[in-house]
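To start, the structure itself, in structure tokens.
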Amino acid sequence: MKILVMGPPGAGKGSQASRIIEKYEMPSISTGQMFRDAYNAEEPIGIEAMKFIRDGNLVSDDITNKIVRLRLHKEDTTTSFLLDGYPRTVAQAAALDEMLVEMESNLDAVINILSSHDVLFERMEQRRVCKKCGRTYHLRFKKPSVDGVCDKCDGELYQREDDSHESVKRRLEIYETKTKPLLDYYSEKGILYHVNGMQDFDKVTDDIFLVLDELV
Ligand code: ADP
Ligand code: AMP
């Protein structure tokens, strides 16, 4: 099963992706997480990408397509994968289609997680992320057992620079103009499924599993 998880920033893509990959045993490919890992490892591509990420802008299509292409060439993507946060532009969707043709493959489903801007602002301001393993917390809805410390790996929790109010505003604008048009693209292919992301974590997961269980 090859799927995309789409939705505006803060909709819950990463949170749901971790549950999906556990149930269906597939690798998750999150371009945002790949950029953050590269930045934390002080790799040139991560340092370059963070110049854009910090202010809520998109990283260039060229760089982004390149890292996805390299990742999809690994063996673990032959039978299944989940893409989180990619594609985000029409040019990226076209590049992904080319990669899929080369792999003699295709997408089975695009899950679009819906949410209102009010909820998204609140979620991103309350989001904390583990520096070491990337696990995500919410200061109210998914609190770590010990303040500032990851439950899973004891890593330090931090607030993403791009979760500042100004940056979130910019990301939502970009989502509306550059990413949302992709929904029509996938709807025309007949593989788009909408899920209400403004429910509690487990209900969102149940709704996604209802869709995916039909496909396996
Ligand atoms: P995205 O990957 O789409 O940017 P995340 O999965 O990181 O979003 O979620 C954004 C924030 O909202 C995180 O702090 C997460 O814990 C919280 N969150 C995600 N889904 C829900 C939900 N259904 N209810 C409450 N909080 C949620
Ligand atoms: P995310 O973790 O998905 O919220 O992504 C964090 C940031 O990484 C985004 O705001 C962008 O700056 C950058 N990014 C992630 N995925 C992409 C992509 N597909 N295209 C361009 N930039 C991206």
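In listed order, ligands and their atoms are each counted from 1.
- Remark: S116 OG to F121 CZ distance equals 10.5 Å, nearest 0.5 Å.
- In terms of N/O distances under 3.5 Å, ligand 1 is approached by K13.
- Residue G10 has at least one N or O atom closer than 3.5 Å to an N or O atom of ligand 1.
- Contact annotation for D200 and ligand 1: only backbone heavy atoms (N, CA, C, O) come within less than 4.0 Å of the ligand.
- Looking at Y185, its side chain never comes within 3.5 Å of a backbone N or O of A94 through a donor-acceptor pair.
- When the shell of 6.0 Å around NZ of K131 is examined, it contains 12 or fewer heavy atoms from other residues, nucleotides or ligands.
- In this structure, atom 14 (O) of ligand 1 lies nearest to the protein heavy atom Y137 O, 2.8 Å.
- For the residue pair H117 and E176, a side-chain donor N or O sits within less than 3.5 Å of a side-chain acceptor on the partner.
- In terms of protein heavy-atom proximity, atom 13 (C) of ligand 1 is closest to T136 CG2, 3.5 Å.
- When heavy-atom distances to ligand 1 are checked against a 4.0 Å cut-off, Q199 comes that close only through its backbone atoms N, CA, C and O.
- Note on ligand 1: G7 sits outside its first shell, no heavy atom being nearer than 4.0 Å.
- The main-chain N or O of P8 is found under 3.5 Å from a side-chain atom of K13 such that the two form a donor-acceptor pair.
- There is no side-chain donor-acceptor pair under 3.5 Å between Y186 and N112.
- Under the 4.0 Å criterion applied to side-chain N and carboxylate O atoms, E22 and R19 are not assigned as salt-bridge partners.
- Among protein heavy atoms, atom 7 (O) of ligand 1 sits closest to R127 NH1, 2.6 Å.
- For the 3.5 Å distance criterion, the side chains of E161 and S167 fail to qualify, holding no donor opposite an acceptor.
- Under the 4.0 Å criterion applied to side-chain N and carboxylate O atoms, K66 and D62 are not assigned as salt-bridge partners.
- Salt bridge absent: K142 and D200 never bring a charged side-chain N and a carboxylate O closer than 4.0 Å.
- Closest to atom 24 (N) of ligand 1, if we only count protein heavy atoms, is R123 NH2, 3.5 Å.
- In terms of protein heavy atoms, atom 15 (C) of ligand 1 is closest to S15 OG, 3.8 Å.
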Practice task
Could you walk me through whether K23 and D213 pass the salt bridge (charged side-chain N to carboxylate O under 4.0 Å, His left out) test, one step at a time?
Solution key: CA-CA 10 Å; K23 173 165 174 174; D213 281 345; 3.2 Å; yes
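- The residues R160 and D162 are annotated as salt-bridged, a charged nitrogen and a carboxylate oxygen being separated by less than 4.0 angstrom.
- Screening R36, R54, R170, R171 for a salt bridge (Lys or Arg N to Asp or Glu O under 4.0 Å) involving D163 leaves a single residue, R171.
- Of the protein's non-hydrogen atoms, the one nearest atom 2 (O) of ligand 1 is G14 N, 2.8 Å.
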Please tabulate, line by line, the atom pairs linking an N/O of ligand 2 to a protein N/O at a distance below 3.5 Å, with the distance in Å to 0.1, or answer 'none'.
residue  : atom   : partner : partner atom : Å
ligand 2 : 2 (O)  : R36     : NH1          : 2.9
ligand 2 : 2 (O)  : R36     : NH2          : 3.0
ligand 2 : 3 (O)  : R88     : NH1          : 3.1
ligand 2 : 3 (O)  : R88     : NH2          : 3.1
ligand 2 : 4 (O)  : R160    : NH2          : 3.0
ligand 2 : 12 (O) : N57     : O            : 2.6
ligand 2 : 16 (N) : T31     : OG1          : 2.7
ligand 2 : 16 (N) : G85     : O            : 3.4
ligand 2 : 16 (N) : R88     : NH1          : 2.9
ligand 2 : 19 (N) : G85     : O            : 2.9
ligand 2 : 19 (N) : Q92     : OE1          : 2.9
ligand 2 : 20 (N) : Q92     : NE2          : 2.8
ligand 2 : 22 (N) : V59     : N            : 3.0

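- Contacts between F141 and ligand 1 below 4.0 angstrom, taking non-hydrogen atoms only, involve the side chain exclusively.
- Looking from atom 27 (C) of ligand 1 to the surrounding protein, the closest heavy atom is F201 CZ, 3.2 Å.
- Among protein heavy atoms, the minimum distance from atom 8 (O) of ligand 1 is reached at G12 N, 3.2 Å.
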